[in-house]
Amino acid sequence: MAAQVVTISSGKGGVGKTTAVANLAVALATDGGRVVCIDGDIGLRNLDVVMGLENRIVYDIVDVIEGRCKLRQAMIRDKHLPELYLIPAAQTRDKNSVSPSDMKRICDELRLSADFILIDSPAGIERGFRNAIAPADRVLVITNPEVSAVRDADRVIGILEAEEKHSPSLVINRLNPNLVKQHDMLSAEDVLDLLGIQLIGIVPEDEGVIVGSNRGVPVAQDPKSRAGQAFRNIAHRLKGEEVPFMDLDKQSGLWDRIQKMTGRR
């Protein structure tokens, strides 16, 4: 079966998009899938660092496009998961080095040998974003529960709909139930009301995510991490499985309402 191409995007930078890509890739590969990650952020690559593969880069995606190597040569195998690969971005080139047709061609070549292709899109709505969404079968939009991030996510959703990339799914990242209770952070319900798209996951605030990213060990590998479990749940939903949302705050009825809003209860 041909791979599903999933682009992970955001309007605002710094919302945890690259970390989400790494964690979803680890979760899917741990569950038996063959996964290829593509870093689409030409000139500002970070996915290799989050995955702990920065010292193994020989070729990058621009080398493939410009014919200096074959696609297979640019694929870096993960240290722990033999069915997980990374195609890194070029560090010394810009986004004009890649076109939407280049991305489609590379993904078409990968489709028959992978189960999932995850593309880490640059933040914003410029050339790099359009490159990243060109081959996508599905797009996940990641936002933090704060007004500026949600506003930028709303603009991205509008562009996706105009480009006929139908039904993007939403990941709310770094939700802190205590701040929501104190009215210092938007609730998941607030974000859903503002954006009006399908929710695929809520990832709680977890300092272990930063620690894992700095060490090149995504928290999806940690069975004790709440954020890791949230990423694993999103991975199951990408595979079409029905998974209830985690109860991040047992003292409120918020999560019961989320289950009802998403049809999972």
Side-chain angles (χ1 to χ4, degrees), residues 1-9 17-30 32-124 126-140 213 215-218 220-221 235 238:
M1 189 170 126
Q4 181 180 169
V5 180
V6 182
T7 295
I8 292 84
S9 66
K17 173 179 49 58
T18 298
T19 301
V21 173
N23 278 284
L24 291 175
V26 164
L28 289 164
T30 301
R34 192 166 196 265
V35 184
V36 181
C37 298
I38 300 176
D39 191 339
D41 201 351
I42 310 300
L44 291 171
R45 73 182 180 213
N46 286 303
L47 187 54
D48 57 306
V49 175
V50 176
M51 296 178 69
L53 299 173
E54 67 274 20
N55 293 326
R56 296 192 174 188
I57 296 174
V58 177
Y59 296 109
D60 57 51
I61 192 169
V62 176
D63 290 321
V64 176
I65 290 166
E66 296 183 351
R68 285 185 291 276
C69 71
K70 295 181 179 179
L71 181 57
R72 182 72 192 182
Q73 291 176 285
M75 294 171 62
I76 305 168
R77 189 193 296 267
D78 186 73
K79 296 175 184 176
H80 309 290
L81 296 164
E83 294 300 300
L84 173 58
Y85 296 85
L86 168 68
I87 300 174
Q91 186 79 313
T92 58
R93 304 294 291 274
D94 63 31
K95 293 172 178 61
N96 292 320
S97 302
V98 181
S99 70
S101 61
D102 291 329
M103 292 295 285
K104 287 181 180 179
R105 177 174 57 81
I106 287 172
C107 288
D108 285 345
E109 190 172 339
L110 291 169
R111 279 182 189 272
L112 295 179
S113 60
D115 297 305
F116 284 91
I117 300 165
L118 304 184
I119 302 175
D120 184 7
S121 169
E126 303 303 329
R127 173 68 175 264
F129 166 74
R130 295 182 184 280
N131 290 340
I133 66 170
D137 301 312
R138 183 169 190 176
V139 180
L140 306 188
S213 296
R215 292 178 177 172
V217 183
Q221 298 180 26
L238 281 173

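Small disclaimer: the values here were computed from a predicted structure and weren't measured.
- Taking the side chain as every heavy atom from C-beta outward, I106 and I61 approach each other to under 4.5 Å.
- Evaluation of the side chain to side chain donor-acceptor pair (under 3.5 Å) test over residues 39-55, restricted to residues two or more places apart or in two chains, returns D41-K95.
- Of the charged side-chain nitrogens involved, none lies within less than 4.0 Å of a carboxylate oxygen, so that R105 and D108 do not count as a salt-bridged pair.
- Qualifying salt bridge (Lys or Arg N to Asp or Glu O under 4.0 Å) partners for R130, counting only residues two or more places apart in sequence or in other chains: E163.
- Taken from CG in L84 to CG in L53, the straight-line distance is 7.5 Å, to the nearest 0.5 Å.
- If you take CD on Q91 and CD1 on I57, they are separated by 8.0 Å, rounding to the nearest 0.5 Å.
- Listed by first and then second residue, the salt bridge (charged side-chain N to carboxylate O under 4.0 Å, His left out) pairs that reach into residues 75-90 are R34-E83, sequence neighbours excluded.
- The structure places SG of C107 at 8.0 Å from CD1 of I87, a figure rounded to the nearest 0.5 Å.
- Without hydrogens or angle criteria, N131 side chain to V98 main chain gives a donor-acceptor distance under 3.5 Å.
- Proximity of Q73 to V58: side-chain heavy atoms (C-beta onward) are nowhere separated by under 4.5 Å.
- Qualifying side chain to side chain contact (heavy atoms under 4.5 Å, CB included) partners for A134, counting only residues two or more places apart in sequence or in other chains: P100, K104.
- The OG atom of S121 sits 7.5 Å away from the CD1 atom of I133 when rounded to the nearest 0.5 Å.
- When the side chain to side chain contact (heavy atoms under 4.5 Å, CB included) test is applied to A90, the partners found at least two apart in sequence or on another chain are I42, D60, V62, R93.
- With sequence neighbours excluded, the residues forming a side chain to side chain contact (heavy atoms under 4.5 Å, CB included) with V50 are T18, A22, S213, listed by chain and number.
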